[in-house]
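The sequence lines fix the lettering, A, B, ..., with proteins before strands; numbering per chain opens at 1.
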Amino acid sequence: MSAVNGERVPTVFEARVYEALRRIPRGQVTTYGRLAAALGCGSARAVGQALRRNPFAPEVPCHRVVGSDGRVGGYFGEVAGARVTEKMERLESEGIRLAGGRLAEDQPIWEFHED
DNA sequence: GCCCTACATCAAC
DNA sequence: GTTGATGTAGGGC
């Protein structure tokens, strides 16, 4: 009996997104574009899709992903709201400085180019 | 500086 | 085919 629960198994693509996310140390943040590039795709949208569906939340630190221009973006499907507010507070809690709802300019972006 | 529009690009529904 | 937690480029105020 294959019970058809409302759940769905994460795809390989999503798994790669979460895996890359987990290797981000505390106090570091990355962008959708960088993540997408690290995964081999040039579309940040695909990454956003995976994070939005984030079946491993909050195990996966999806709050460490921000826009390339420093925008916090969204959180759990909310582009703006209490979710995003918590996301920003969480970032500050990790030592990340924010400026006007955006990432501080002096905040380094985690690069998956490290070896 | 801020806001909007348009297109690109990939995955999931 | 449409949408989506984006990105880049261009235009207007």
Sugar-phosphate only, base, or nothing, as touched by Gly77(A) at under 4.0 Å among non-hydrogen atoms: base

Pairwise side-chain contact, Arg34(A) with Glu111(A), heavy-atom cut-off 4.5 Å (strictly under): yes

5' precedence on DNA chain B between Arg45(A) and Gln49(A) (nearest-nucleotide basis): Arg45(A)

Sole residue of Ile24(A), Leu91(A), Val65(A), Val72(A) in side-chain contact (heavy atoms from CB on, under 4.5 Å) with Val29(A): Leu91(A)

Reported CG-to-CD distance for the pair Leu51(A) and Gln49(A), which is rounded to 0.5 angstrom: 10.0 Å

Gap between atoms OH and P, on Tyr18(A) and dA11(B) respectively (whole Å): 14 Å

Atom-to-atom span, CG of Leu103(A) to C1' of dG7(C) - whole angstrom: 17 Å

Between dT6(C) (P) and Leu39(A) (CG): distance, integer Å: 16 Å

For atom CG of Leu35(A) and atom P of dT6(C), their distance in whole Å: 13 Å

Phosphate OP1/OP2 of dT8(C): any Ser68(A) side-chain N/O under 4.0 Å: yes

Contiguous pairing runs of three or more, Watson-Crick or G-U under 3.5 Å, that involve DNA chain B: B:1-8 with C:6-13, B:10-13 with C:1-4

Tyr18(A) side chain to Ala50(A) backbone, donor-acceptor under 3.5 Å: yes

Main-chain N/O of Thr11(A) paired to Glu14(A) side chain as donor or acceptor, under 3.5 Å: yes

Euclidean distance, atom CZ of residue Arg34(A) to atom C1' of dA5(C) [Å, nearest integer]: 19 Å

Side chain of Ser43(A) - closest among dT6(C), dA11(B), dC10(B): dC10(B)

Option from Glu94(A), Lys87(A), Glu86(A) for which side-chain hydrogen bond (donor to acceptor under 3.5 Å, both in side chains) with His63(A) holds: Glu94(A)

Closest non-hydrogen atom pair between Asp69(A) and Arg102(A), with its separation: O-NH2, 3.3 Å

Spacing between Arg71(A) atom CZ and dG1(B) atom P, to the nearest angstrom: 13 Å

Sugar-phosphate, base or nothing in reach of Gly73(A), heavy atoms under 4.0 Å: nothing

Sugar-phosphate, base or nothing in reach of Tyr32(A), heavy atoms under 4.0 Å: base

Length of the line joining Phe13(A):CZ and dT9(B):P, which is rounded to integer Å: 15 Å

Spacing of Ile109(A) atom CD1 relative to dG7(C) atom C1', expressed in whole Å: 14 Å

Thr31(A) vs dT6(C): side-chain N/O to OP1/OP2 distance below 4.0 Å: no

side-chain N/O Arg53(A) vs dC13(B) OP1/OP2, d < 4.0 Å: yes

